[in-house]
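Data first, discussion second: the structure below is written as structure tokens.
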Amino acid sequence: KIAPADLVALDPLTTLIISLSKPLRRDQEMVASPVVTKCPPSTGLERSAGFLAASVFSLVYYFAPLYVLTAPVALVVGCLVYGRWAATLLYLGPSFLSAVLPSRRNKWALESWLLRQAPKYFDYTEVIEFGDEELLEYIAKRPVVAVVSPHGVLSYVGISSGLVGKEFGAPLRGRVIEKLPTAVASVVLSFPILKHVIGIFGLLDASKKSLTRRIAKGGSFVLYPGGIAELFLSSPDEECILARK
């Protein structure tokens, strides 16, 4: 029997704790004064570095599929047609290595100076009803599903949230990210190149089997309920929530 998990809705305006075994309620343990994490003053160099760091994620997100799709063509044309084995293997090498090597959370990359500048490029600010310390104390008592919205085409909000640290007044964010891995589509964890770049945050398979197993073990995670469907329904002009009955 699976112990009930609590759903923590991390919305910029309000936070609700929804117990799967009880009626909708506002959990008194988590209610507190809003915690504001503001972007500190930054220099032009830091914002430029932040743009570069953010661009790495977007470029990989869009071009990794194209790179992998060209692999069979490169193999046939490069090796069989022109006989350029060395050049072809050099081109295909990164995708082959990424396909066989597992991805894991990379603490060194997350704490690197370059990636830490990404939130500054977006002038990132968080407004939530509780801080990292309170959240860590709460998930130590029971499994928690942190429900986040919106998903977007590429969640720069999630990326920025995972990269804030002492400069933003959030020294415990690294522990929060470690205790609350983000659940993502299975393809993200298996797609070459993409899985090693996005995977530095320490992601979790969003399949039912994977999430059920984690909750049963008392673990917690972050979930974007919109998922891939919301990705294709994203609009640059408006944000809305489509809820099923």
Side-chain angles (χ1 to χ4, degrees), residues 5 8 10 37 49-50 52-61 64 94-95 97-122 124 126 128 131-140 142-148 151-152 154-224 227-228:
V8 183
L10 300 181
T37 303
L52 179 62
S55 297
V56 170
F57 292 104
S58 57
L59 288 174
V60 169
Y61 189 79
S95 62
L97 287 175
S98 181
V100 299
L101 294 176
S103 64
R104 57 175 57 90
R105 182 174 180 269
N106 192 322
K107 183 179 179 181
W108 177 85
L110 294 177
E111 295 180 353
S112 65
W113 179 84
L114 180 63
L115 289 188
R116 288 292 190 187
Q117 308 314 307
K120 296 179 183 178
Y121 169 70
F122 294 108
Y124 180 72
E126 273 184 357
I128 54 179
D132 290 345
E133 185 175 357
E134 289 81 8
L135 181 57
L136 288 170
E137 291 177 357
Y138 192 78
I139 64 177
R142 70 203 75 184
V144 168
V145 179
V147 182
V148 183
H151 183 288
L154 180 58
S155 180
Y156 280 119
V157 170
I159 290 174
S160 296
S161 179
L163 293 174
V164 299
K166 293 181 180 179
E167 284 187 278
F168 283 76
L172 298 177
R173 187 55 55 90
R175 287 182 57 194
V176 171
I177 298 301
E178 184 178 1
K179 296 291 185 180
L180 282 163
T182 299
V184 298
S186 302
V187 66
V188 175
L189 297 179
S190 59
F191 205 92
I193 309 299
L194 181 63
K195 72 176 187 178
H196 281 101
V197 175
I198 306 297
I200 64 172
F201 292 95
L203 305 176
L204 179 68
D205 189 346
S207 65
K208 179 180 179 180
K209 181 179 179 181
S210 172
L211 300 185
T212 301
R213 181 169 61 245
R214 184 168 180 85
I215 292 175
K217 293 181 178 180
S220 302
F221 55 89
V222 173
L223 180 67
Y224 288 81
I228 294 178

Backbone of Lys209 reached by a side-chain donor or acceptor of Thr212 within 3.5 Å: no
Crowded around Trp113 CH2? As in, over 12 foreign heavy atoms under 6.0 Å? yes
Contact summary for Pro192 and Ser95, nearest pair of heavy atoms: CB-O, 3.7 Å
Closest non-hydrogen atoms of Leu110 and Arg116, given as atom of the first, atom of the second and distance, are O-NE, 3.2 Å
Please report the shortest heavy-atom distance between Ala118 and Ala54, naming the atom on each side. CB-N, 4.5 Å
Report yes if some heavy atom in the side chain of Tyr124 is under 4.5 Å from a heavy atom in the side chain of Ser161; otherwise report no. yes
Check whether any side-chain heavy atom of Asp132 lies under 4.5 Å from a side-chain heavy atom of Arg175, and answer yes or no. no
Between Leu194 and Val187, is there a side-chain heavy-atom distance shorter than 4.5 Å? no
Which atoms form the tightest heavy-atom contact between Arg104 and Pro102, and what is the distance? NH2-CG, 3.9 Å
For the CD1 atom of Ile159 and the CZ atom of Phe122, what is their distance to the nearest 0.5 Å? 7.5 Å
Heavy-atom pair with the smallest gap, counting every atom of Leu203 and Leu189: CB-CD2, 3.7 Å
Distance, nearest 0.5 Å, that separates NZ of Lys195 from OG of Ser186: 12.5 Å
Have a look at Arg173 and tell me which of Glu126, Glu111, Glu167, Glu133 forms a salt bridge (Lys or Arg N to Asp or Glu O under 4.0 Å) with it. Glu126
Nearest 0.5 Å please: distance from the CG atom of Leu135 over to the NZ atom of Lys179. 11.5 Å
Can you tell me if Ser98 uses its side chain to pair, donor with acceptor, with the backbone of Ile193 under 3.5 Å? yes
Does Val145 reach the side chain of Phe221, with side-chain heavy atoms less than 4.5 Å apart? yes
Any heavy-atom pair between the side chains of Ile200 and Leu115 that's under 4.5 Å? yes
Has Glu134 got a side-chain atom pairing as donor or acceptor with Gly131's backbone, closer than 3.5 angstrom? yes
Are Ile198 and Val60 close enough that some pair of their side-chain heavy atoms sits under 4.5 Å apart? no
Residues 159-211 vs ring pair (Phe, Tyr, Trp, His ring centres under 6.0 Å), sequence neighbours excluded, gives Phe57-Phe201
Which heavy atom of Arg214 sits nearest to which heavy atom of Leu204, and what is that distance? CD-CD2, 3.3 Å
